[in-house]
Amino acid sequence: MSAYTNEMDANDMVSCPYNKAHKMLRKKLQQHILKCREIHKDEVELLVCPFNKAHLIPEKDYVQHTRSCVDRKIIAHYQQSAPAAPTDETKHEKIEPDENWDDEDVPDYNPQLYVASANIVREPKGMFPSQRKAFIKQERRRQLGHDSDEEQSPRQQRLAPTKITSSSTSSAQRSSPYKLPNRNR
């Protein structure tokens with residue numbers, strides 16, 4: 001088993017084109033090249049092979065490499081080979097769709113218009129305070145379906161703060177001008 005691993009390691013191990021002392025597995029080469037390129041960018045100028053991006057070649061050897069690159073043969077084979085002829089197994093009839101969405105005259109989708117009519121809570125963003133107040137008032141009317149400023153539900157009336165006007169109140173009540181309802185939780 002050890003002979004197999006030594007043979008496998010010898011085939012899978014490659015050296016870095018920037019620094020020959022760097023040895024690594026072939027599958028780690030691309031990741032390593034990115035790091036080494038940054039480190040050695042001022043020292044070594046390598047050109048990228050047009051047939052395989054993992055091949056980085058010094059400028060003086062570039063022409064010779066492009067003539068004898070192993071990957072060039074693979075690309076040349078596909079360029080020169082005839083296209084595959086369709087057979088009965090690969091042929092099929094043209095599929096026509098049942099509907100065409102381009103022929104229908106439908107108005108464009110407007111998300112703001114949809115949200116304004118749907119039961120969705122919107123928040124006033126990027127508005128001045130007066131605009132924000134008007135927006136909140138409009139949203140209240142839209143959500144509740146009536147003019148909510150004039151009519152309040154019994155629950156809203158119960159939760160609304162009431163001002164204490166009695167002169168015979170205790171000192172604890174005087175410090176707080178509004179009386180909040182007692183909530184049982």
Side-chain angles (χ1 to χ4, degrees), residues 8 11-14 16-18 24-39 41 45-57 59 62-63 65-161 183 185:
M8 189 174 108
N11 291 336
D12 287 345
M13 296 300 285
V14 292
C16 173
Y18 289 99
M24 75 227 51
L25 291 172
R26 186 177 305 277
K27 65 182 180 181
K28 298 287 186 176
L29 180 63
Q30 286 292 335
Q31 184 179 1
H32 176 81
I33 285 174
L34 292 173
K35 294 177 186 176
C36 243
R37 181 181 294 147
E38 284 297 314
I39 296 169
K41 65 183 174 187
E45 178 89 24
L46 297 177
L47 300 175
V48 179
C49 173
F51 307 111
N52 187 340
K53 299 293 181 190
H55 296 169
L56 298 172
I57 307 105
E59 191 172 353
Y62 183 74
V63 175
H65 175 80
T66 55
R67 289 182 186 154
S68 63
C69 182
V70 175
D71 295 327
R72 177 188 180 110
K73 294 173 186 172
I74 296 169
I75 292 174
H77 171 72
Y78 284 109
Q79 286 177 339
Q80 295 171 357
S81 64
T87 62
D88 290 337
E89 294 175 3
T90 59
K91 286 183 182 178
H92 62 83
E93 294 181 21
K94 186 176 179 183
I95 300 171
E96 291 292 332
D98 294 337
E99 60 184 345
N100 185 353
W101 291 2
D102 294 332
D103 292 342
E104 296 178 16
D105 188 26
V106 179
D108 293 337
Y109 175 69
N110 184 350
Q112 295 297 331
L113 186 63
Y114 171 75
V115 171
S117 62
N119 190 16
I120 297 174
V121 178
R122 299 186 301 171
E123 294 184 22
K125 294 183 180 177
M127 296 181 181
F128 291 109
S130 61
Q131 292 173 328
R132 193 170 29 250
K133 287 178 186 176
F135 179 83
I136 291 170
K137 190 175 186 180
Q138 180 185 2
E139 280 297 292
R140 222 178 265 142
R141 276 192 220 116
R142 184 179 70 87
Q143 292 289 335
L144 299 176
H146 55 75
D147 194 8
S148 62
D149 290 338
E150 295 173 2
E151 300 175 19
Q152 289 184 342
S153 67
R155 175 168 168 72
Q156 288 175 334
Q157 288 176 352
R158 189 177 71 231
L159 296 178
R183 294 186 193 176
R185 291 187 182 204

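The residues of the chain are indexed from 1 along the displayed sequence.
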If the plane angle is over 60° it's perpendicular, under 30° parallel, otherwise tilted; pick one for His55 and His65. perpendicular
Is a donor on one side and an acceptor on the other found under 3.5 Å between the side chain of Arg122 and the backbone of Val115? no
Starting from the C-alpha separation in whole Å, work towards a yes-or-no answer on side chain to side chain contact (heavy atoms under 4.5 Å, CB included) for Glu38 and Leu34. CA-CA 7 Å; Glu38 284 297 314; Leu34 292 173; over 6 Å; no
Side chains of Leu29 and Pro17: closer than 4.5 Å at any heavy-atom pair? yes
May I ask you to check whether over 12 heavy atoms, not counting those of Asn119, lie within 6.0 Å of atom CG? no
Rounded to the nearest 0.5 Å, the SG atom of Cys36 sits from the CE atom of Met24 at a distance of 7.0 Å
For the atom pair CD (Glu139) and CG (Leu144), what is the distance rounded to the nearest 0.5 Å? 10.5 Å
Return the set of residues passing side-chain contact (heavy atoms from CB on, under 4.5 Å) with Pro124 (not counting sequence neighbours), or none when no residue passes. Met127, Arg132, Phe135, Ile136
dist Ser68:OG -> Lys73:NZ (nearest 0.5 Å) comes out at 8.0 Å
Ala54 and Ile33 have their tightest heavy-atom pair at O-CD1, 4.0 Å
Between Gln143 and Ile120 (side chain of the first, backbone of the second, donor and acceptor by atom type, cut-off under 3.5 Å), is there such a pair? yes
Salt bridge (charged side-chain N to carboxylate O under 4.0 Å, His left out) partners of residues 81-94, not counting sequence neighbours, each pair once: Lys94-Glu96
Between Val48 and Lys53, the two heavy atoms sitting closest are CG1-CD, 3.6 Å
Side-chain donor or acceptor of Gln31 paired with backbone N/O of Lys28 under 3.5 Å: no
Between Arg142 and Ala118 the two heavy atoms that sit nearest each other are NH1-O, 2.6 Å
Considering all heavy atoms, the nearest Met13-Leu25 contact: SD-CD2, 3.6 Å
Could you tell me if the side chain of Tyr18 sits less than 4.5 Å from the side chain of Leu56, heavy atoms only? yes
For atom OH of Tyr114, decide whether the heavy atoms of other residues, nucleotides or ligands shown that lie under 6.0 angstrom number more than 12. no
Do Lys27 and Asp12 have side chains that get closer than 4.5 Å, going by heavy atoms? no
Using a 3.5 Å distance criterion without hydrogens, assess whether the side chain of Ser81 forms a donor-acceptor pair with backbone atoms of His77. yes
Is the number of heavy atoms from other residues, nucleotides or ligands under 6.0 Å of Gln30 CD greater than 12? yes
Taken to the nearest 0.5 Å, the spacing of Ile75 CD1 from Cys69 SG works out to 7.5 Å
Can you find a heavy atom in the side chain of Lys137 that is under 4.5 Å from one in the side chain of Arg141? yes
Of all the heavy-atom pairs spanning Asn52 and Asp71, show the shortest one and how long it is. ND2-OD2, 2.6 Å
